K.L.:
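Quick one: the structure is below, questions incoming.
Just so we're on the same page: letters track the sequence lines, and every chain starts at 1. Small disclaimer: the values here were computed from a predicted structure and weren't measured.
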Amino acid sequence: MDASLATGAESDMLLIPCPYCGPRNQIEFTYGGDATARRPATDASAAAWVEFVYLRDNPCGPHDELWLHSAGCRSWFKVRRDTRTHDILASARIDDEIVEAAR
Amino acid sequence: MKYSIFSLARNAVSHHERWPLAWRSPSPKPHYDAVIIGGGGHGLATAYYLARNHGMTNIAVLEKGWLGGGNTGRNTTIVRSNYHLDANAHFYEFSLKLWEGLAQELNFNVMYSARGVMNLVHSPADMDAAMRRGNAMRLNGIDAQFLSRDEIARRVPNLDCSSAARFPILGGLLQPRGGTVRHDAVAWGYARGADAQGVDVIQQCEVTGIRVSGGAVTGVETTRGFIATPKVGIAVAGHSGQVAAMAGITLPIESHVLQAMVSEPVKPVLDTVVTSGAVHFYISQSDKGELVMGGDLDFYNSYAQRGNLPIVEHVVGACLALFPNFGRLRLLRTWGGIMDMTMDGSPIIGKLPVPGLYMTGGWCYGGFKATPASGFLLAHTIAHDAPHALNAAFTLERFAQGRLLDEKGAGPYAWAH
Amino acid sequence: MSEGAARAIGDRVPGQYGVVPATLTLREISIATAWNLQGNPMDAALLATARREFDVVLPLVPNTTSQSEGCLAMWLGPRSWLLVARDGSTHRMVRSTFAARRDALNDAGGALFEVSASRVAFMLEGPAASSVLAKECPLDFHPRVFGAGQCAQSMLGHVNALFYRPAATSAFIVLVARSMAGDVWHALCVSAAQHGYEVTHPAAFP
Amino acid sequence: MIQPFRLPEGGNIDRARTIAYTYDGVAGEGFAGDTLASALLANGVHLVGRSFKYHRPRGIFSAGTEEPNALVQLNRGALTEPNARATTLELYEGLTAASQNCWPSVRFDVGAINNSMSRLIPAGFYYKTFMWPATPAWWLKYEQVIRHAAGMGRAASEPDPDAYEHQYAHCDVLVIGGGAAGLASARAAAHAGARVIVCDENPQWGGGPLVAGTRIDEQSAADWVNATVQALAAQADVTLLSRTTAFGYYDGNLVGAIERVTDHLVAAPHTPRQRLWKIRAQAVVLATGAIERGVAYANNDLPGTMLASAARTYVERFGVRPGKRAVIFTNNDGAYADAIALHAGGVEIAAIVDARAVAPFESAWPTRARALDLRVIAGAVLAGAHGRQHVSSVDVALRAGGAAQRIDCDLACISGGWNPSVHLFSQARGKLRYDDVLATFVPLASPLPIFPAGAANGCFDLAAALCEAHTAGAAAAGRAGLPAAPLPPPRANAIALAPLESLWTVPASRKSAKRFVDLQNDVTVDDIALAAREGYRSVEHLKRYTTLGMGTDQGKTSNIVGLALMAEQLEVPIPKVGTTTFRPPYTPLTLGALPGRDCGAHVEPTRYSAMHDWHVERGARFVNAGLWKRPHSYPLAGETEDDAANREARNVRVNVGLVDVSTLGKIELQGRDVALLLNRIYINKWDTLAENRCRYGVMLRDDGMVMDDGTTSRLSASHYLMTTTTVNAVKVMQQLEYLLQAQWPDLDVYATSVTEQWAAAALSGPKARDLLATIVDIDVSNAAFPFLAVGACQLRAAGGLIPARLFRMSYSGELAYEIHVAADQGRAMWEAVMAAGEPFGIMPYGTEAMSTLRIEKGHVVVGPEADGRTTADDLGMGKLVNGSKWCIGKPLLERPALLAADRWQLVGLTALDGAVMPRGAKIVADPGGATPNPMLGHVTSWCFSPNLDGWIALALVANGRARHGETLWAVSPLAAAKVRVKLGPPCFIDPDGERLRV
Ligand SMILES: Cc1cc2nc3c(=O)[nH]c(=O)nc-3n(C[C@H](O)[C@H](O)[C@H](O)COP(=O)(O)OP(=O)(O)OC[C@H]3O[C@@H](n4cnc5c(N)ncnc54)[C@H](O)[C@@H]3O)c2cc1C
Ligand SMILES: NC(=O)c1ccc[n+]([C@@H]2O[C@H](COP(=O)([O-])OP(=O)(O)OC[C@H]3O[C@@H](n4cnc5c(N)ncnc54)[C@H](O)[C@@H]3O)[C@@H](O)[C@H]2O)c1
Ligand SMILES: Cc1cc2nc3c(=O)[nH]c(=O)nc-3n(C[C@H](O)[C@H](O)[C@H](O)COP(=O)(O)O)c2cc1C
Ligand SMILES: [Zn+2]
């Protein structure tokens with residue numbers, strides 16, 4: 001099975017590239033929402049927490065988001081997906097930065 | 001020209017060649033007293049009530065596409081006020097009351113069909129929740145009845161009420177005054193009504209920026225030039241986040257895709273709206289005969305107005321689990337809309353932090369039924385620069401203050417409502 | 001009509017079911033003991049401990065397996081493996097040794113969980129085996145993509161499942177949660193009926 | 001039985017196999033290979049239905065999926081199907097069908113009065129009337145009438161007995177359409193070594209019938225098709241799917257296709273009726289061909305009116321004469337070929353009426369037509385058709401002017417041009433381009449790997465189509481990473497076609513005459529003018545106002561005509577009007593196929609505990625808990641479920657009971673930092689938990705509301721077991737994985753779900769210990785195994801010793817233990833405990849008794865009490881929130897509204913006056929108060945307490961903790977019930993917890 005870190009050609013839309021298992025059908029995954037929302041420090045202000053918990057940039061275009069390969073390797077990872085087209089531009093392990101393959 | 005059986009007859013004689021325009025297509029003026037962004041039901045209703053209730057007629061509705069082309073034109077048309085939390089209950093009940101007289105108010109038949117909305121109950125826990133909600137409705141003066149399984153079997157003959165069913169039906173909560181409304185007619189009726197009062201309803205005009213100077217709104221940039229105005233009302237549903245961002249405001253909203261679908265038209269088989277929370281499914285039959293169905297979100301942020309197969313499979317699976325007799329009917333068309341999902345599942349209707357800026361949005365699954373009330377109340381808020389009692393709770397600040405209106409208790413996850 | 005046709009699709013009684021002749025066999029595979037081993041694959045100490053305790057080299061390539069006489073190790077995730085005792089092995093694992101092994105792995109910075117009863121396994125064999133699985137599973141079972149000795153987790157219908165191809169034959173083993181195994185067995189039978197299938201007696205893990 | 005309109009020979013039907021069918025009660029015969037439509041035509045039946053709105057007589061208009069008219073009610077009883085397309089319905093022995101939307105019969109239909117009233121009911125008339133009398137009740141009355149008039153066919157009133165299934169497939173190249181172009185691309189792709197799937201909606205390969213005498217690669221087209229199909233079939237990695245319609249193009253190049261497996265068969269045991277394919281392709285070749293369109297002229301809906309290519313199809317493919325004397329009306333060359341075929345089939349050609357000023361006799365087919373001296377009237381149009389229920393004559397008018405001449409005929413063949421089937425291309429986000437030469441939209445570009453070819457790409461010349469398709473096939477394989485291997489494209493001789501002249505409608509002589517654009521939804525040229533006049537000018541408004549293209553055919557033959565007419569009205573170029581959105585499915589899709597096998601009882605999986613069979617044998621009643629089936633109670637003969645639950649609950653307080661708690665979520669944690677993790681996710685403190693001890697904990701969401709609760713036990717220095725609620729098991733596990741992987745990777749903690757590994761039972765009641773002592777191998781005395789102790793032990797069972805984990809914790813409030821054993825020994829454990837319990841009066845108890853016990857004890861449950869809006873403090877667990885440490889959700893607890901005095905807080909309620917507590921009651925001060933009657937709170941859980949012999953409840957009440965002792969009302973308007981209730985602390989039994997510590 002192709003385990004290479006699959007970065008998306010256009011044809012990899014909701015065929016989600018798990019950084020470990022390779023491209024898999026969306027039904028194997030659970031959505032985790034905006035990956036850019038940063039959890040504040042434990043001593044951060046209530047305002048910071050309100051922002052983290054409630055406010056979203058909700059971009060119309062490339063969106064960095066979290067997915068869990070819930071029916072697969074149980075890894076949480078990052079996906080950059082265009083919310084206008086569902087094209088997946090890239091994916092990365094949870095602790096890596098997303099790098100888009102040059103087209 | 002007033003619409004009626006008589007005007008129809010008169011025009012029949014002249015082969016319908018004398019009907020006037022339902023609305024003009026004016027080009028934007030350089031200045032308006034108020035501009036409403038979004039030519040869906042909410043935007044058009046807001047304009048209509050600004051003119052009708054507050055005498056503001058030098059106003060415009062700006063629509064980037066065609067009137068009603070957003071969620072107004074693609075929703076499953078269910079109207080109801082069967083809410084649990086007080087603020088929601090009073091707001092949606094006010095809306096339902098407006099629906100009851102809207103056809104006459106607008107002289108446009110929006111076909112408010114009070115055929116009843118039935119929520120099925122599948123477990124003792126469902127039963128408690130439904131009873132709690134129904135009792136809250138009744139104490140708030142809203143019609144509600146609890147139906148036994150036999151009563152449901154009688155009213156909805158095609159429903160599988162056997163105890164063998166995967167989701168056995170223990171009973172159901174019915175709101176008799178709930179029902180459906182012809183969705184497109186709502187946009188058209190309000191557009192015609194607003195236009196008749198002098199409102200400029202402008203299509204193919206996208207707002208690309210909101211100009212703020214001296215800390216207050218001064219106008220909007222559009223694809224047809226700058227338009228000066230001291231008051232801007234945002235009614236763009238799925239695009240709320242985008243438009244608010246033009247004024248530097250971040251909202252507690254995510255845009256997700258919700259799909260809906262229709263079957264081929266058949267002779268009447270379903271006389272009420274049936275919904276089931278446990279299986280995430282709702283269905284009604286349109287006057288043309290299609291079964292109109294919907295269910296869950298696709299569960300990922302999207303502005304694409306189209307979804308994927310798994311949800312369609314789930315919705316139809318749920319349909320057939322409840323209505324096994326429909327197995328040989330055929331799916332005619334599926335589509336999607338961009339849902340403005342808030343973090344507590346309730347809308348935001350009122351003033352935004354920038355003076356002169358107002359919004360109605362954050363509708364989640366259920367803003368069509370809110371159309372008249374939302375327009376009525378946003379118009380009030382714009383005219384008085386202060387909310388009406390009925391929308392006072394739907395503020396943007398409630399999230400920071402902890403005054404959430406989380407009807408389902410689903411928590412701060414946009415896609416969970 | 002074979003005598004099998006009299007029985008209902010979904011029965012577990014050995015015999016022929018569905019169309020005649022049967023082209024598939026379907027059987028339960030009993031799992032004696034299974035463990036979920038977790039730890040950091042970069043950590044030599046962990047790998048060594050795994051090897052010492054189970055005499056198996058943990059597969060580090062996603063969705064692959066490795067095996068020794070005593071045990072089969074399947075990759076579950078970047079830090080997680082499923083170890084299944086292979087019957088008749090000299091190193092047959094017994095549950096009483098759990099605490100000792102767990103402590104050994106904890107000391108090596110890893111973890112060991114007892115999961116012997118968590119999953120139920122079925123084996124499907126015959127030319128149409130992969131197409132029967134593919135009715136409800138989105139994985140690509142083409143031998144070029146899913147070769148002998150590979151494993152992968154996905155869905156079978158609405159149920160999470162672990163698929164394993166023991167050898168370069170048409171046979172597949174699918175492991176699913178015990179509480180839903182009944183549903184899965186039934187589903188496999190329904191899908192297999194159009195090819196005709198034979199239910200055989202449960203067998204040990206190959 | 002003779003088939004009067006069957007040709008003596010020809011057509012690819014099997015004349016040896018006659019097939020009997022019944023239509024509208026009349027028996028008829030056709031041949032194997034017929035569709036219902038061709039069989040009806042062979043028997044001279046044209047009138048097959050009534051139109052949607054005006055109930056006008058309608059006949060067979062096409063020979064394929066584009067059919068707007070010939071929709072029939074197929075079969076009877078459970079198998080009945082509305083709106084079946086006669087033109088694609090393969091004939092099988094015993095097929096029974098009837099015409100629909102007419103009463104009493106299709107020949108005499110009362111609904112036809114709509115036609116005489118038609119002037120009163122133009123497009124959108126219903127928006128302008130039915131508003132008086134001005135009450136919703138009146139609209140409901142009008143609506144009843146409208147609904148019954150609308151709706152076409154009828155649904156079954158019994159469950160569909162058939163089975164359906166899904167099939168995932170993967171390939172390098174998917175070719176949609178098995179016509180000449182599709183086969184040519186498949187051939188090229190396969191040659192490059194690609195995994196290829198070819199699907200075509202028809203039963204046979206070869207697509208639209210190629211003009212007789214056409215040759216490909218030096219053989220007849222038919223031979224080439226067979227040879228190519230055989231060559232493809234012979235290759236291991238090529239899959240050929242006939243009777244398979246690609247209905248939708250989804251993300252990730254997933255194409256949905258529906259295969260009609262047994263619809264054309266009489267019976268096929270163990271085989272699904274239809275198979276829904278989900279094909280994941282690297283690249284797609286779209287060779288879906290083109291669909292002919294009509295022209296709107298007066299009475300162009302009379303039976304006997306047919307698309308020209310369809311008429312040819314009936315002659316050539318089915319050996320059927322669609323009429324005796326035909327007039328062909330065209331604006332392009334294609335219809336000449338059709339005329340030639342009809343002529344060859346013995347249909348007299350009264351005239352070919354060509355709208356073009358001069359007939360293009362330099363191009364191939366017109367020349368051949370002249371050679372056969374078929375009468376051609378150039379520069380002319382059909383001004384109208386005559387006849388009652390069938391065409392009897394047509395008016396032909398010269399466009400230059402002058403009186404129309406009437407020509408007798410029983411068949412009017414129309415060709416207004418061809419529309420490439422770009423539906424799937426558009427779904428694949430492909431942009432279209434309006435081609436002025438073809439007067440239609442053709443594919444321009446898609447960002448996705450989809451390659452249109454042949455007629456689907458607007459290439460209507462076979463030779464060119466074959467080359468283009470060949471290249472597309474190779475390119476698609478290339479896109480999938482397979483370099484093309486040299487192969488010559490299939491060759492055919494090119495045919496010169498003269499350009500078409502776009503023509504959408506012909507003016508009518510009388511204003512009242514109807515010129516139909518959308519035959520199914522009865523949309524006329526005048527309706528489109530009306531829409532334009534009233535301002536419904538966007539093509540989307542046009543569609544919604546007139547319902548143009550909203551029928552079961554989705555306007556395959558009419559949409560383009562409609563939007564062209566709108567362009568004329570607005571005096572703008574056609575591309576400026578644009579098309580409506582193409583949506584799945586391409587053709588209507590049987591609902592049953594969508595869930596496939598996962599329907600009915602299997603729409604969601606059902607989870608059963610290891611002890612389920614025992615519960616069943618014991619006559620348990622079950623309830624759904626998430627996906628699980630849990631015993632609600634175990635009624636004895638003559639007992640109601642409530643009696644049973646009360647008996648079970650009482651028995652726990654006096655003797656001992658056993659309840660199955662296997663469904664609780666169980667998560668094991670190992671590592672050095674588990675306590676640290678627990679400190680962060682639970683509100684209370686965990687670093688003080690000793691080995692072999694357990695503790696209750698509460699988790700919050702990030703917004704501070706209670707998310708879940710449960711116990712966590714420390715099994716060894718570094719090994720913990722966490723339990724969650726049944727419903728939140730998955731949610732909590734995902735949350736832990738998220739925190740460990742994304743937020744706190746530095747923590748040394750490993751987690752795994754062991755819900756499936758351990759079967760669990762709770763043994764509770766004063767006699768629990770004495771019972772346990774008789775079967776476990778450890779000392780369970782209070783000293784050795786005190787409250788909240790945890791230990792491993794072995795349990796004596798019939799089959800031998802069972803290793804078990806023992807926990808002394810109590811949900812019921814009694815002396816209680818939880819026993820966990822490996823799930824495959826769950827039943828043995830359960831039986832052992834029940835057996836040992838015999839002398840102690842043990843009874844199994846279900847969720848209902850369990851709920852009663854916990855209400856008496858005041859334990860909260862996630863759902864009713866922790867309803868997602870409540871904080872720990874609301875639930876009286878504020879003290880648990882440890883001040884000295886941070887935990888998830890804590891920061892937002894400081895928000896003003898969460899500290900307000902009027903928060904709804906947990907209290908206990910006792911019904912006064914011996915009254916019965918109503919279900920889902922609300923708490924008010926004045927039960928008679930006018931609405932809106934302010935609500936002070938509501939009942940969350942309620943029960944009859946057999947142990948207190950009265951009705952009690954837990955409730956959330958505004959400022960409830962300060963109100964203990966007060967009397968309020970619990971009301972249920974739904975049940976017309978109101979009860980005086982006394983507020984108190986939410987614990988009714990043993991508040992100090994002595995029993996559970998004894
Ligand atoms: C599938 C589906 C089913 C639903 N079912 C129901 C239901 O049964 N009952 C119910 O009550 N609700 C339902 N809803 C929700 C309901 O449709 C919406 O909440 C409601 O229609 C919103 O109306 P609106 O006028 O606010 O938004 P819209 O109708 O979407 O109008 C917003 C308009 O703003 C325009 N716009 C956006 N950005 C700009 C810009 N920058 N400049 C100019 N114009 C702009 C858009 O083009 C659009 O026309 C459903 C929604 C969907 C998608
Ligand atoms: N204007 C014309 O004269 C005209 C029109 C059409 C085809 N042709 C000629 O026919 C020859 C080959 O044409 P072609 O192969 O491109 O088209 P075709 O019509 O011969 O074949 C297309 C096939 O695709 C099938 N199809 C369409 N949509 C489908 C779907 N969604 N799923 C499954 N199957 C589907 C159709 O039933 C048909 O069998 C060419 O010579 C072409 O010029 C000519
Ligand atoms: C209540 C309702 C009924 C509908 N009925 C039909 C129908 O009978 N036929 C049809 O083709 N589409 C029907 N549609 C779907 C529309 O054609 C269209 O798909 C939907 O409004 C979304 O617009 P779009 O597909 O242009 O994006 C219906 C939509 C709604 C909301
Ligand atoms: Zn993975």
Side-chain angles (χ1 to χ4, degrees), chain A residues 2 6 8-17 19-20 23-33 35 37-54 65-71 73-78 81-82 84-88 92-96 103, chain D residues 166 168 170 172 249-255 278 280-284 428-429 446-450 476 479-481 598 679-680 700-705 730-731 733-746 750-753 885-896 898:
Chain A
D2 169 19
E10 305 89 336
S11 68
D12 292 354
M13 294 176 297
L14 291 205
L15 180 64
I16 299 175
Y20 298 97
R24 295 287 193 92
N25 188 302
Q26 79 181 80
I27 63 170
E28 294 181 10
F29 299 84
T30 303
Y31 185 58
R38 287 256 163 280
R39 182 171 287 268
T42 54
D43 56 359
S45 68
W49 282 97
V50 167
E51 175 162 357
F52 164 71
V53 173
Y54 295 108
E65 55 199 23
L66 294 170
W67 288 84
L68 167 67
H69 194 183
S70 44
C73 67
R74 309 261 349 154
S75 301
W76 281 94
F77 61 99
K78 298 178 198 162
R81 193 178 49 90
D82 190 318
R84 291 163 303 189
T85 60
H86 300 168
D87 290 353
I88 287 176
R93 298 180 178 189
I94 194 68
D95 39 15
D96 294 347
R103 301 255 184 98
Chain D
H166 288 180
Y168 284 95
H170 304 257
D172 297 316
Y249 198 110
Y250 298 92
D251 286 330
N253 263 26
L254 187 104
V255 172
K278 294 178 245 181
R280 186 74 74 171
Q282 294 296 315
V284 173
R429 288 157 41 208
S446 163
L448 308 182
I450 178 170
R479 186 68 164 73
D598 302 324
N679 269 344
R680 294 183 190 178
L700 307 182
R701 295 189 312 226
D702 274 317
D703 66 348
M705 304 299 149
V730 172
K731 212 201 253 172
M733 183 64 193
Q734 284 179 0
Q735 161 96 336
L736 289 180
E737 288 172 317
Y738 162 74
L739 294 170
L740 290 170
Q741 293 176 34
Q743 296 297 329
W744 307 317
D746 51 311
Y750 295 94
T752 204
S753 165
K885 72 171 184 73
W886 177 89
C887 76
I888 287 180
K890 199 172 171 190
L892 286 183
L893 286 173
E894 304 309 314
R895 288 178 292 173
L898 303 188

K.L.:
Using non-hydrogen atoms only, which part of F77(A) is less than 4.5 Å away from chain D: side chain, backbone, both, or neither?
P.N.:
neither

K.L.:
Any chance you could measure H86(A), atom NE2, to Y250(D), atom OH, to the nearest 0.5 Å?
P.N.:
13.0 Å

K.L.:
Provide the closest heavy-atom pair for L66(A) versus Y738(D) in the form atom of the first, atom of the second, distance.
P.N.:
CD1-CE1, 3.7 Å

K.L.:
Report which part of L740(D) has an atom under 4.5 Å of a heavy atom belonging to chain A: side chain, backbone, both, or neither.
P.N.:
neither

K.L.:
Taking C-beta and beyond as the side chain, do K278(D) and N25(A) meet within less than 4.5 Å on heavy atoms?
P.N.:
no

K.L.:
By a 4.5 Å heavy-atom criterion (distance strictly below it), what part of I450(D) contacts chain A: side chain, backbone, both, or neither?
P.N.:
neither

K.L.:
Mind checking what makes salt bridge (charged side-chain N to carboxylate O under 4.0 Å, His left out) contact with E737(D), not counting sequence neighbours?
P.N.:
R74(A)

K.L.:
For residues R429(D) and D87(A), determine if any side-chain heavy atom of one lies less than 4.5 Å from a side-chain heavy atom of the other.
P.N.:
yes

K.L.:
Considering only heavy atoms, which portion of S75(A) lies under 4.5 Å from any heavy atom of chain D: side chain, backbone, both, or neither?
P.N.:
both

K.L.:
Indicate the atoms forming the closest heavy-atom contact of W76(A) with Q734(D), along with that distance.
P.N.:
NE1-O, 3.5 Å

K.L.:
Enter the distance from W49(A):CH2 to L893(D):CG here, rounded to the nearest 0.5 Å.
P.N.:
11.5 Å

K.L.:
Can you list everything that forms a salt bridge (charged side-chain N to carboxylate O under 4.0 Å, His left out) with R701(D)? Sequence neighbours excluded, please.
P.N.:
D703(D)

K.L.:
Take T42(A) and R680(D) through the side chain to side chain contact (heavy atoms under 4.5 Å, CB included) test and state the conclusion after the steps.
P.N.:
CA-CA 10 Å; T42(A) 54; R680(D) 294 183 190 178; over 6 Å; no

K.L.:
Are there more than 12 heavy atoms of other residues, nucleotides or ligands under 6.0 Å from atom CD of E51(A)?
P.N.:
no

K.L.:
Looking only at non-hydrogen atoms, find the nearest pair between A46(A) and L892(D) and report the distance.
P.N.:
O-CD2, 3.8 Å

